[in-house]
Amino acid sequence: MRHVIAGNWKMYKDSEQARKYFQELGSRAAPDASRVEVLMFPGFVALGSLACQGVVPSWVSLGAQDVSSEPEGAFTGEVSPSMIRAAGGTFVLLGHSERRHVVGESDALVRAKLLNAVQGGLSPVLCIGESLKEREEGRVREVLFRQLDSALAGACITPAMRLMIAYEPVWAIGTGVNALPVQIDEAHALVRERITELLGPGIARDVPILYGGSIKPANFAEIIALKSVDGGLVGGVSLSPVTFMELVTMAAG
Ligand code: PEP
């Protein structure tokens, strides 16, 4: 199976740091593209500066960490899908827990962004996941279904849009505590069940479901070996090209 490894730099790395990072990545042997697909999500400024520098290895696809819900207009501070595409981005993260829970994005806004992203030619990586309180209250299924329904119900998703889902339990992001294999398997089965209902089996079968939350080389072998896991979305550990490449190599293995 072909895995996906995606790095989310969050609000780290300026343009020069991004250039050096990709220079280092490019000095390494390219991973087997038939076994692993590599995505990187720098901040907007670094993303914009990378386009014409020729440093990003051809085996890395770039994406943005967020996008506007509008295609264009008087929306100060927002960034449109066409701007992201012009900067070389082909993917976009949507509904990351830091945007839902720190910035306060609603399910409705995540849906509007997703629709705008696909209409604007970007491939969405839709992030979903329950908080610790929701897990403790036995509401994982309800929360995941609500997030998937609100983002995807009635949306026209085609294979060309390359939708991916990232299951990222909020309590595992940046905490050093990853979800257990049994918890990941259960959540991914719920996601596969619901996207099959929402999108139809033909589309849903090929939608990669990534796990995210405190992935590191020490826990990744066990996680990526799970049949329900099509790849990983990695925050902290993606900031070093050395540890990121370790994950890429493991995913290709
Ligand atoms: C993330 O930012 O999506 C993430 C999973 O972060 P971390 O790997 O640091 O937990």
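Because the structure is a prediction, the values reported are computed rather than measured. When a ligand or atom number is given, it counts from 1 through the structure's own listing order. This chain uses plain numbering: 1 for the first residue, then up along the sequence.
Between G174 and ligand 1, at least one N/O pair is under 3.5 Å apart.
The backbone N or O of G120 lies less than 3.5 Å from a partner atom in the side chain of R85, making a donor-acceptor pair. A donor-acceptor pair is defined here as one N or O able to donate and one able to accept, closer than 3.5 Å; such a pair exists between the side chain of Q17 and the backbone of D14. Side-chain atoms of R2 do not come within 3.5 Å of backbone N or O of R35 as any donor-acceptor pair. Y211 places no side-chain N or O within donor-acceptor distance of the main-chain N or O of D185, the cut-off being under 3.5 Å.
In terms of protein heavy atoms, atom 9 (O) of ligand 1 is closest to G236 N, 2.9 Å. In terms of protein heavy atoms, atom 5 (C) of ligand 1 is closest to E168 OE2, 3.0 Å. For atom 1 (C) of ligand 1, the nearest protein heavy atom (residue, atom name, distance) is H96 NE2, 3.2 Å. The protein heavy-atom contact nearest to atom 8 (O) of ligand 1 is G235 N, 2.8 Å.
Using a 4.0 Å cut-off between heavy atoms, N8 contacts ligand 1 through its side chain alone, with no backbone atom that close. Contact annotation: for S97 versus ligand 1, there are no heavy atoms closer than 4.0 Å.
For the pairing with Y167, the side chain to side chain donor-acceptor pair (under 3.5 Å) check across H188, E130, Q183 returns one residue only, E130.
Donor-acceptor pairing under 3.5 Å is lacking for the side chains of E246 and T249.
Residue contacts with ligand 1 include L233, since one or more of its heavy atoms lies under 4.0 Å from the ligand. Ligand 1 lies out of reach of K216, whose nearest heavy atom is not under 4.0 Å from it.
Aromatic rings of W9 and F44 (six-membered ring for Trp) have centroids beyond the 6.0 Å cut-off, not under it.
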